[in-house]
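Working notes for the structure below.
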Amino acid sequence: MTSQESCKKSALYDEHIKLVNPSRLAEFAGYLMPLWYSSISAEHAAVREVAGLFDCTHMGVLEFSGTQAENFLNELTTNDVAKLVVGKAQYSYILDESAHVIDDIIVYKISDSKFMVVVNASNAENVIELVGAALSEQSFNSSELLFRDLKSQDANSDARVDIALQGPASIQTLLDIIEDGEFAARVSDLKPFWFTSGYIDGIDTIISRTGYTGASVGYEIYINPQEAGWIWQLILDKGSKYGVVPCGLGARDSLRIEAGLPLYSHELAGEFDISPIEAGYGWAVKFDKPYFVGKEALEKKAASSNMAVERFEFSAARGVRPIRASDAILTEEGENIGSVLSCAKAGERQIALAFVKRNVIDEGQTVGLYYLARNKRQLEQGKKEKVEIGEKLESDILGQKLARYERF
Amino acid sequence: MVPQGLYYTDQHEWIKIEDGVGTVGITDHAQQQLGEVTFVELPENGPVDANAELAVLESSKAASDVYAPMAGEVIEVNEALESQPELVNQQCYTDGWICKIKLSDPDAVSNLMDAAAYEAFITNE
């Protein structure tokens, strides 16, 4: 348990240990968080049918303000910040000069001269370092560009953390806790990737219709970390009559996999150095912009790659072994075309995101799956622990290719 | 929480010895750590060394090996787990047993922990 001691506690740690035994907490991006509260499958189902509440307070929240903020972000990120309007959010990437993905991010346009950028917890330090290096090359004064980490102690009352409420009942739950009728109306009018701000019980919040579960109705609430426990309890309290439940890391992963959403170091960057284009997010990379960091290298990389992240479905019936990362995806004829990056059980299906030769398989077409050896005994029985693309193998189970994404 | 009369390994297996035959399973602590077990690969009947791989339990998050607490010969496996892997979670000390081993040296149980020692072990782990 020494690993637990070196971990940071999330802003909601005290809430978690009210709900689960501390031994249930696992380390994620340096934070201790519950893997599940009731069970992964029950929490997954709750988000699809009702709503689930997620501790996302580990996410990095950054702020760029000043007259040069927009220009600076437009050079730092792949999507077109100039096209954002106030109240709208944009999915985007930060690359390095060699086009390695540093992080996938969401940019929120708070005002013409203020942007909030939400980054992955595990990458926040790298992003902050990269921004610092970029800033030191250009000499902005504070009215031109001010960069702040809204999770640092110095942010004080401006500090923000992220709590996500996802699923069909999330809107009714939010409307039940927002007393201000105008704010409630603005929240209920939000379209995907729009946000608004207002007060709940005197506490300043930003509510955005975004998320990481594939739920078409889902929100993220940005609030001062001092108030995180309060709003967490309020949402669970008011949402309980609809069946809103807290959701752990397990359901978060199974939901995002089912929806086809990438996780940094699995479907982005990672072992295969997967680019945004290969991940299926070419729309978030604007090659028509005159410049962004990594543009030239990414253009070359995109032109030379024949691989892509694709989504597959296999049975999750009793007796079917769970699929794991690195298991091989085969054509019906048994040719290995790539490997699984992430897999999760979603109801009666196992959904796998795999990095495979692009468009060799059509949607709906049958594929095979080869389980790599998991232990010594399976090796002795002739299972391989490593396979090559192009190699002929025998399928252990059959499945099919799905559309790249699924919305619920 | 930890049943009396069974013996325990530091890998969180339990063994219950009756007439020279040991029934093997995993502990409540282990099943909690593993989460919902969705697949069980049972051993084949035949000889097994102490600490050798015996079975594989797979949950939605991990594949976990089960090791033989003591040496002997596997004489029976719990085939119910093939269709009901969740028994490992629900009744880990009873219906969720994995296999029975005819022990080659029943006295080797002295290498294992009793309930009190195992309880102390998981508290300090």
Side-chain angles (χ1 to χ4, degrees), chain A residues 1-4 20-26 28 34-44 248-255 257-258 315-327 342-351 371-381 383 396-397, chain B residues 1-2 10-12 27-49 51-68 74 77-90 98-99 119-125:
Chain A
M1 293 291 145
T2 44
S3 63
Q4 287 211 353
V20 302
N21 187 296
S23 71
R24 187 87 57 78
L25 302 177
F28 180 77
L35 280 171
W36 70 90
Y37 299 86
S38 55
S39 80
I40 296 173
S41 55
E43 291 164 22
H44 185 115
L249 294 170
R252 182 196 309 197
D253 202 42
S254 64
L255 288 157
I257 291 169
E258 182 183 29
S315 165
R318 285 161 196 267
V320 176
R321 184 186 286 273
I323 297 164
R324 305 239 175 257
S326 302
D327 287 344
S342 299
C343 185
K345 187 166 174 275
E348 294 308 302
R349 313 184 295 170
Q350 296 192 76
I351 305 292
Y371 295 109
L372 294 188
R374 306 266 208 266
N375 60 20
K376 213 167 67 192
R377 199 172 70 174
Q378 291 170 3
L379 272 174
E380 285 162 7
Q381 288 166 350
K383 273 275 166 199
D396 292 306
I397 55 171
Chain B
M1 273 309 284
V2 175
D10 57 7
Q11 302 279 340
H12 309 288
T27 67
D28 184 57
H29 178 81
Q31 71 80 16
Q32 281 195 36
Q33 296 289 318
L34 201 52
E36 298 155 76
V37 174
T38 54
F39 182 84
V40 179
E41 184 181 305
L42 292 166
E44 284 162 19
N45 286 354
V48 62
D49 292 333
N51 302 316
E53 286 164 3
L54 194 61
V56 185
L57 302 179
E58 300 206 18
S59 70
S60 42
K61 292 316 285 178
S64 176
D65 287 323
V66 178
Y67 301 95
V74 177
V77 299
N78 184 4
E79 284 169 6
L81 298 183
E82 287 180 348
S83 58
Q84 292 174 275
E86 66 273 17
L87 289 175
V88 174
N89 297 110
Q90 292 164 357
I98 292 168
C99 68
E119 180 114 48
F121 174 71
I122 53 176
T123 313
N124 295 325
E125 195 187 34

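The sequence lines fix the lettering, A, B, ..., with proteins before strands; numbering per chain opens at 1. As a basis for the values below, the full set of heavy atoms in this structure was taken, side chains included, without hydrogen atoms, waters or symmetry mates.
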Contact summary for A:R377 and B:E41, nearest pair of heavy atoms: NH2-OE2, 2.8 Å

Residue pair B:G35 / A:W36: nearest heavy atoms and the distance that separates them: CA-CH2, 3.4 Å

Contacting moiety of B:Q84, where chain A heavy atoms sit under 4.5 Å: both

A:K345 versus chain B, the contacting section by heavy-atom distance below 4.5 Å: side chain

B:E58 with A:R374: basic N within carboxylate O range, under 4.0 Å: yes

Flag if over 12 foreign heavy atoms under 6.0 Å of CD, B:E44: no

Minimum heavy-atom distance B:F39-A:P322, with the two atoms named: CB-CD, 3.3 Å

Euclidean distance, B:Q33 CD relative to A:L35 CG, rounded to 0.5 Å: 9.0 Å

A:Q378 portion near chain B, given a 4.5 angstrom heavy-atom threshold: side chain

Exam field: side chain B:E36 to backbone A:I40, donor-acceptor pair closer than 3.5 Å: yes

Heavy-atom proximity to chain A below 4.5 Å, by part of B:L54: backbone

